[in-house]
Amino acid sequence: MKKSISFLIIIMLMLTLFPMQPMAASASFSISGPSTLVTGETGTYTVKVTVSDAAAAQATLNYDSNFFELVSGNPTGVWQVEANKSTTVTLITVKLKCKGGIGTSGSLSLSNNKVSRLTGGAPPSESVSCGGASKKVTVGVPKTPDPNATPKPLEGWEIVEAAADEAKEGEVIEAVMKDDYKIPESLLKQLIDNKNKLIVDFGTYKCTIDPAKLTDIKGIKSLNLELSFEKLDEVSEAAGGLDTYQLHFKHSGELPGMLQFTFKAEGNAPGDTVYLYYYYGEANVMEGKVSAVVDENGMLTFEIYHCSSYLVTSEILPDAISNFDNKSAQELEAANASLEDAKATIEQMQISLGEADNQITTLSGELAEAKAKIASEEAKANEEKEIDKTDSGVSAVVYIISLLAAALISVLLTMLLCKTGIFKKLADKRMYEHKESKRTEKQG
């Protein structure tokens, strides 16, 4: 016993005199993600670090820019805590898109990867560089799609919107939704613009949205398509217990068009005719809406434009209003066909009106051009008239001046002739005769 105590005392003295240096921090890094990508495919790559007795870690993921394109995420990651610990943490998560050709490859590697531990001394921490991890990614040959394969249904409204963006015009889109019944207005607009029919499977029922039967979706933001089949006692009592199914919609009021709802007719056999009634709760009145036949798969389909509470019976209710009037399903289908024809006629008329508007616009433009041409010609004619008037005035002045000039020339010629030739002799003779007459008068 004394020897054991002495041994312990010696060990304690040695530890006091020669304290053990703490072990340095250590870490191992790894890169995970797909090793093969098809050209254009996006892969998610993650960098993890397992540390031992460390409080911080860092690394940078390097990728071949000729092979990869960064889609999202930060290729540099940092982890830091307040005390040393041993754990595994995710440093980096990025999405990289493959842009290499078939048979090529690209590499992923780490740089500046290190861990640090707190020492409690001076300096307060120490860092240790670690070996880098790497990964090689190769471009694979894309799989040939199986033409007989059933496409996997989509999930989530955002995924459905993405599918609608890529769908061809007139293509049918199928989707599976779980606990999310509110279809956004933006998706309804996509369906209308691209003429895509949408079939949504909610588990206990399906809803089919045909964009050709939608009328007004502006301002709805979202449309709640939730439907429950719970049987309410008051409805059953109003139907005299003849209700085989009850349909209760979360949405209340008119729909932005005609929608189809399909569900399993567990209480009927294929070929059975059933009747859909609208239930007015406050008045406790039922109104017959439409009849339908259970299809060969045991499914029932109804097309409605107003949501509230409905009930389905296997026979006509005697006290209901608008009680089908013994109209057959064929007559109802004929009425629907007439409605579709009327819609087609209206659309054709709208097209014709549009063409007429275009013609009116064209004629208006031609008329405006003709008016402008006439105005231009009138202005030109007026200018020519003014020129004619000016020319006439100038001609008259020239004529008068010509006459005056002729008269003046005549006078000048006369005066000139009077001073020379025979006219001058005659003038001198008369002057002589005048002087002689005066002298004779004086002598006498």
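Predicted, not measured: the structure shown is a model, and the values here were computed from it. Computed from heavy atoms alone, side chains included, the values below leave out hydrogens, waters and symmetry copies.
Listed by chain and number, the residues in a side chain to side chain contact (heavy atoms under 4.5 Å, CB included) with Ala238 are Tyr279, Asn284, Met286 (sequence neighbours excluded). The salt bridge (charged side-chain N to carboxylate O under 4.0 Å, His left out) test applied to Lys182 returns no partner, not counting sequence neighbours. Ile199 meets the side chain to side chain contact (heavy atoms under 4.5 Å, CB included) test with Val172, Glu174, Lys206, Thr208; sequence neighbours excluded.
Separation of the Tyr245 and Phe263 ring centroids falls under the 6.0 Å cut-off. Between Tyr63 and Tyr45, the ring centre distance reaches or exceeds 6.0 Å.
The neighbour count for Asp233 CG, taken as heavy atoms of other residues, nucleotides or ligands under 6.0 Å away, does not exceed 12. Counting heavy-atom neighbours within 6.0 Å of Lys97 NZ, excluding the residue itself, gives a total of 12 or less. Environment of NZ in Lys231: crowded, with over 12 heavy atoms of neighbouring residues, nucleotides or ligands closer than 6.0 Å.
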Pair Ser109, Ser134 - check side chain to side chain donor-acceptor pair (under 3.5 Å), show working.
CA-CA 4 Å; Ser109 61; Ser134 62; over 6 Å; no

Residues Ser107, Asp64; criterion side chain to side chain donor-acceptor pair (under 3.5 Å); working and verdict:
CA-CA 6 Å; Ser107 61; Asp64 186 352; 5.3 Å; no

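Side-chain atoms of Lys264 come within 3.5 Å of backbone N or O of Asn297 as a donor-acceptor pair.
In this structure, the separation between CG on Leu110 and CD1 on Ile92 is 6.5 Å, given to the nearest 0.5 Å.
Using modelled atom types and a 3.5 Å distance limit, the side chains of Ser116 and Gln80 yield no donor-acceptor pair.
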